[in-house]
Amino acid sequence: MKKLTIFLLITMVGLHAKVLKLNDCIDKALATHPDVRAFMLKIQQQKEGVKMERGAWLPHVSIYAEYDPQRTYVMPQLGTFHTVNDSGWTAGVSVSQQLFDFSRSSHSIRSAKIHHEISRLSLEETKALMRYEIRVAYALLLVQKAALKARQKDLIAKKALYAQAKALVKQGLKTKADESRFLSSVRQAEDALAFAQASYEKARITLEQYIGEPIPKGTRFEEWRLENAAKSSIKTDPKQVLANNLQVRIAQRNQEASYEQFLAKRLERYGTVNLVAQADHFDTLSRYDSTVVGVRYSAPIYSGGRLSAQAQQSRIAEMVAAAEKDSKKRAVTQEARSILADLKETRKRIAARLSQLRSADETKALIEARYEQGLATYMEVLDAEAVWLEAKLGLLSAYYTRLERQSRLEYLNAK
């Protein structure tokens with residue numbers, strides 16, 4: 001009665017154990033992971049960059065003051081110049097407003113806006129990559145858990161065979177070699193089970209680091225995702241994948257930003273036209289006020305080749321961005337086509353492994369029955385068990401490959 005009560009309690013706890021869903025893991029990771037927060041801050045950083053470039057068209061106001069405890073003043077007197085040492089101070093305010101700069105600021109502002117958009121696309125790309133990594137980590141956890149169950153089942157079966165062999169040896173129906181060989185197989189199964197347990201724990205730890213919280217023992221998972229391939233509306237045409245891919249879009253925008261920066265650098269040599277106003281108060285040998293209001297044009301005549309070098313550097317940067325965009329397109333196209341080939345092969349591998357597993361189940365049961373009757377050797381029994389285990393683990397590997405490839409295709413489609 002006591003054992004039945006304990007069994008019922010364990011069953012009730014298992015039924016009420018929390019199910020950690022894949023989508024919940026994704027939501028938790030996107031809300032707490034530092035990589036996502038870092039890119040959110042970069043968006044704000046680029047937004048401030050746009051404000052900074054727009055500041056070129058806003059009035060610039062500055063004040064200044066100067067005090068000289070001793071200063072030499074030159075004064076004409078009776079046709080000659082005399083010097084006087086005295087203290088003095090000056091204070092003033094100046095205002096400048098840019099009127100025209102040959103569209104240089106406009107290109108700089110457009111470049112800053114594109115960089116702001118790139119930061120938003122980079123955030124979305126980071127989230128898409130995070131979703132992919134969570135899906136793979138979740139799939140690995142499911143596979144390791146299923147592999148752990150298979151190893152546990154294999155150990156139970158080999159312990160049963162070992163116990164059976166011991167009984168048959170006592171009856172004189174089997175030899176010590178049978179008992180020794182089955183004991184060895186039990187020890188090997190225990191070692192494999194320990195490795196499977198460690199692999200499962202590492203997979204659980206990996207998922208915990210992504211979601212930012214521990215996974216309680218007894219937590220259940222959406223194990224149906226392992227065997228049932230979810231129907232998806234993800235685009236599989238490489239051209240459509242290119243249109244959706246965030247890395248390609250970022251590379252395209254990088255090229256556009258580099259071109260705008262090149263135009264801005266090229267126009268910098270034409271200078272600017274500013275409206276200036278300045279008011280000063282002087283208290284030196286005499287006290288007076290001075291005001292200036294006018295239009296000022298300034299342009300660099302010679303800068304040691306710095307401006308032309310900067311323009312050429314920006315032009316090369318635009319060409320590099322164009323080459324990187326083309327390279328990214330090729331890489332994404334190649335990966336998308338490779339994934340489709342992998343998925344096609346995986347579907348056939350899963351079908352083959354399922355057929356092999358059904359055959360191994362039947363063969364294992366037959367060989368074990370024949371062994372009890374003395375019609376099969378212990379080697380045949382162990383071989384049948386090994387074939388079943390290989391088929392089971394191979395099927396799990398194929399399931400994982402399918403989930404990983406599907407997740408990668410979703411990532412390429414920015415999902």
Side-chain angles (χ1 to χ4, degrees), residues 19-27 29 125 127-154 195-196 199-200 202-207 210-211 215 219-242 244-247 331-361 387-415:
V19 177
L20 183 60
K21 298 181 179 179
L22 173 60
N23 291 334
D24 292 339
C25 292
I26 292 175
D27 293 339
E125 202 277 335
K127 288 182 177 180
L129 180 60
M130 186 68 62
R131 287 192 289 267
Y132 162 70
E133 292 175 347
I134 294 296
R135 291 180 182 121
V136 171
Y138 197 91
L140 182 61
L141 184 66
L142 295 180
V143 168
Q144 295 296 351
K145 185 176 182 180
L148 180 61
K149 290 181 179 179
R151 292 291 184 183
Q152 290 171 340
K153 184 176 180 181
D154 178 61
F195 181 80
S199 298
Y200 171 71
K202 288 189 286 186
R204 183 174 60 82
I205 291 170
T206 299
L207 187 59
Y210 278 117
I211 65 177
I215 300 175
T219 300
R220 294 185 293 126
F221 305 94
E222 295 177 320
E223 299 184 15
W224 57 268
R225 290 183 178 274
L226 191 60
E227 298 182 7
N228 300 328
K231 294 182 179 180
S232 176
S233 59
I234 297 299
K235 304 298 182 183
T236 57
D237 183 14
K239 292 184 179 180
Q240 294 176 323
V241 174
L242 279 179
N244 295 335
N245 188 261
L246 286 168
Q247 290 190 3
V332 171
T333 300
Q334 177 184 353
E335 186 173 6
R337 295 177 65 182
S338 298
I339 289 174
L340 295 178
D342 289 340
L343 288 174
K344 184 177 180 180
E345 182 273 333
T346 302
R347 285 194 291 269
K348 294 182 180 180
R349 180 149 51 102
I350 289 175
R353 290 294 186 178
L354 284 171
S355 177
Q356 183 182 2
L357 185 60
R358 287 192 293 267
S359 175
D361 276 328
V387 169
W388 175 87
L389 184 60
E390 179 186 1
K392 181 65 175 178
L393 296 179
L395 179 61
L396 294 176
S397 175
Y399 282 150
Y400 173 77
T401 300
R402 181 176 63 183
L403 285 174
E404 190 278 330
R405 293 286 80 189
Q406 287 179 340
S407 300
R408 188 66 182 179
L409 190 59
E410 290 179 345
Y411 161 67
L412 294 181
N413 278 276
K415 299 297 183 181

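Throughout, numbering of the chain's residues begins at 1 and tracks the sequence. Computed from heavy atoms alone, side chains included, the values below leave out hydrogens, waters and symmetry copies.
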**Report entry** Side-chain heavy-atom pair Leu20, Ile215 within 4.5 angstrom cut-off
**Finding:** yes
Requested in this report: State the CG-OH distance between Leu141 and Tyr400, to the nearest 0.5 angstrom.
Outcome: 11.5 Å
Query - Side-chain donor/acceptor of Tyr138 to backbone N/O of Glu222, under 3.5 Å - result: yes
Requested in this report: Report yes if the side chains of Phe221 and Val19 come closer than 4.5 Å at any heavy-atom pair, otherwise no.
Outcome: no
Query raised in the report: Given the rule in the side-chain contact (heavy atoms from CB on, under 4.5 Å) test, do Arg151 and Leu393 qualify, once you have shown the distances and angles that lead to the verdict?
Result: CA-CA 9 Å; Arg151 292 291 184 183; Leu393 296 179; 3.4 Å; yes
Query raised in the report: Asn245 side chain to Gln247 main-chain N or O, any donor-acceptor pair under 3.5 Å?
Result: yes
Query - Exercise: identify the closest heavy-atom pair between Ala360 and Val387 - result: CB-CG1, 4.1 Å
Query raised in the report: Quick one: do Glu410 and Arg131 make a salt bridge, cutoff under 4.0 Å?
Result: no
Requested in this report: Give a yes or no on whether Glu223 atom CD has more than 12 heavy-atom contacts from other residues, nucleotides or ligands under 6.0 Å away.
Outcome: yes
Report task. To the nearest 0.5 Å, tell me how far Ser338 OG sits from Leu343 CG. Result -> 11.0 Å
Query raised in the report: To the nearest 0.5 Å, what is the distance between CD (Glu335) and OH (Tyr411)?
Result: 8.0 Å
**Report entry** 4.5 Å side-chain heavy-atom contact, Leu129 and Glu133
**Finding:** yes
Query raised in the report: Are Leu409 and Leu340 side-chain neighbours, meaning at least one heavy-atom pair lies under 4.5 Å?
Result: yes
Query - Leu396 to Ala147 - nearest heavy-atom pair and separation - result: CD1-N, 3.5 Å
**Report entry** Rounded distance [0.5 Å steps], OG1 in Thr346 versus CD1 in Ile339
**Finding:** 11.0 Å
Query raised in the report: Is Thr401 close to Asp342 at the side-chain level, that is, under 4.5 Å between some pair of heavy atoms?
Result: no
Report task. Could you tell me the separation between the CE atom of Met130 and the OH atom of Tyr210, rounded to the nearest 0.5 Å? Result -> 7.0 Å
Query raised in the report: Should the heavy atoms of other residues, nucleotides or ligands under 6.0 Å from NZ of Lys392 be counted, would the total exceed 12?
Result: no
Report task. May I ask you to test the Arg135-Leu403 pair for a side-chain heavy-atom distance under 4.5 Å? Result -> no
Query raised in the report: Between CD1 of Ile350 and CD of Glu227, what distance do you get to the nearest 0.5 Å?
Result: 10.0 Å
Requested in this report: Please name the pair of heavy atoms, one in Leu389 and one in Ala150, separated by the smallest distance, quoted to 0.1 Å.
Outcome: CD1-O, 4.3 Å
**Report entry** Residue pair Ser397 / Arg353, side-chain heavy-atom distance below 4.5 Å
**Finding:** no
**Report entry** Any Glu404 side-chain heavy atom under 4.5 Å of Tyr132 side chain
**Finding:** yes
